[in-house]
Q: 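Structure in structure tokens, see below.
Because only heavy atoms are used, hydrogens play no part in the values below, and waters and symmetry mates are left out as well, while side chains stay in. On a predicted model such as this, the values are computed, not experimentally measured, just so you know.
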Amino acid sequence: MEQIRILHTNDLHSHFENFPKIGRYLEKAQADPTVDEVYTFDSGDFMDRSHPLTDATEGQFNIKLMNGFKYTAGTIGNNEGISNPHWVLEHLFDHVDYPILLSNLREEDETMPKWARDYEIITTKQGARIALVGLTAAYPMTYGPNHWHIKMLGETMDRVLPEIEGKYDVLILLTHVGLKMDCWLAKHYPQIDLIVGGHSHDLLKNGLEVNGVWITQTGKWGHYVGDILIELEDHKVKKIVPRTFATAEMPEMPEDEEVIQSYRIKGKEILESEKVADLPEKFEGDKMEAIQVSLDAIADFAKTDLAILSSGLFLHPFKAGILTKFDLQHSLPHPMHVVRSTLRGSDLWRLVMEIEKNRHYLDHFPLQGMSFRGKIFGQMYYKGIKVDLAKRIVYVNGKEIDPLKDYQIAGLDHYVLVPFFPTLSIVGENEFLFPQFLREVIGNYLAKKYPLPQEVK
């Protein structure tokens, strides 16, 4: 009989406030003398550029902390793969101490990323062979514009499984594909023994067994740590017992708060040292000024006359005077990208009607996920569009919309993903504009429109 303890995390999202407790838990568990082996895995989205220090270091500080957790292996989530420009992801793992497993992502020339391994086979002290395969969410719509080739899950599994057949006794997947797709994998590939999952932020306190495959996930933000006991007999799985432990119930040390705050302060200091623009007095405390200039910014970036933005994106108005990268990150922490959408006039009319229909509902609608880091969706604002709701007429640049003409409008990937405006995702020809974030697009526009005085550059 061989006993293996597997510790795991997922969707930490730079929630460093939980890292001290997680680190102590892992360190103690990794020294457990009552089991034969201890392995530690992470299933992606460990970084989130809404935290100032993650943004300032492009994830390198996250790597430093993750190295301290002594992971056996990890995979990536969409926050690593999509929210980072291609070149940032290329160098994100330059100093990582553990293998990054990722079977379904390739460079544009179909080569493996230099920082990733297709799969890994580890051998326990008693000789059991454990195959580890990593998978991330297959989003071609956003990986493609970021110069990656993402592979579908079935295609990937059908390639990898024959390659490793006969080379393992236990098969474990590290996935960042969400619970629904984890269940799909379990139903279609029953040779999997365990899926250590993430992405959908589901808390499976004692795991979920599907088709004889155990699926585990610890929710989000490091609120829980996964802790699985596996028993092997003759190198075959006899029993899997998934558990989770709440970090809120773990002991706190007196120095934790100071350490946590120091991360935010350091990130703020770095970002504040990078000055962007010199804004006139009219911006002071006026969110509408921020929204209007941001509409101009994304339209300029996308080379369109029309644009839409929602007020909930702006967590804080811009300030007058010297604007820094920290101010932009503080106001617009969302890892979103601008999208240029082409719509027939009749479809643009329909989109505007969808916006107007949902306007009062969305004004105070609490929203989570889909790259949104705020609290409520808020009001929608237009550039170049006016609406006469009484007559149901939409005007574009002062003229009644032509139902047969093609129009281009600047928006965000967020609006394609949320379910409130189906016209965009169903009939829009949507071009995702990488690599700049929304706040970088706005910052670049402000830098041109309101340049810094020579003495502060």
Q: Would you say NE2 of H364 has more than 12 non-hydrogen atoms from neighbouring residues, nucleotides or ligands within 6.0 angstrom?
A: no
Q: In terms of side-chain geometry, is the basic nitrogen of R159 or D118 positioned less than 4.0 Å from the acidic oxygen of its partner?
A: yes
Q: Got Y445 and D296 here, is their nearest side-chain heavy-atom distance under 4.5 Å?
A: yes
Q: Test H337 against F434 for ring-ring contact (aromatic ring centres under 6.0 Å, His included), laying out the working first.
A: CA-CA 7 Å; H337 297 90; F434 279 72; 4.0 Å; yes
Q: Less than 4.0 angstrom from a charged side-chain N to a carboxylate O is my criterion; do R439 and D55 meet it?
A: yes
Q: Other residues, nucleotides and ligands only: do more than 12 of their heavy atoms fall within 6.0 Å of CD on E27?
A: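 Result for CD/E27: open.
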Q: Measure the acute angle between the ring planes of Y361 and F365, then classify it against the limits of 30° and 60° as parallel, tilted or perpendicular.
A: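 Y361 and F365: tilted rings.
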Q: Would you mind checking if R359 and E356 are paired as a salt bridge, meaning a charged N to carboxylate O distance below 4.0 Å?
A: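 A salt bridge is present here (some side-chain N lies under 4.0 Å from a carboxylate O).
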Q: Less than 4.0 angstrom from a charged side-chain N to a carboxylate O is my criterion; do D48 and R373 meet it?
A: yes
Q: Are the ring centres of F377 and F420 closer than 6.0 Å?
A: yes
Q: Please determine if K21 and E249 form a salt bridge, counting it only when a charged side-chain N lies under 4.0 Å from a carboxylate O.
A: no
Q: Could you check whether the rings of H199 and H176 sit parallel, tilted or perpendicular, using 30° and 60° as the cut-offs?
A: tilted
Q: Please state whether the rings of Y98 and Y71 are parallel, tilted or perpendicular, taking 30° and 60° as the class boundaries.
A: tilted
Q: Check the angle between the aromatic planes of F61 and F16 and answer parallel, tilted or perpendicular using the 30° and 60° thresholds.
A: perpendicular
Q: Classify the angle between the aromatic ring planes of F372 and H334 as parallel (below 30°), tilted (30 to 60°) or perpendicular (above 60°).
A: parallel
Q: Applying salt bridge (Lys or Arg N to Asp or Glu O under 4.0 Å), can you list everything that pairs with D97, at least two apart in sequence or on another chain?
A: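 So D97 forms no salt bridge (Lys or Arg N to Asp or Glu O under 4.0 Å) with any residue.
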Q: Is the NZ atom of K325 crowded by more than 12 outside heavy atoms at less than 6.0 Å?
A: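 Open: at most 12 neighbouring heavy atoms sit under 6.0 Å from NZ of K325.
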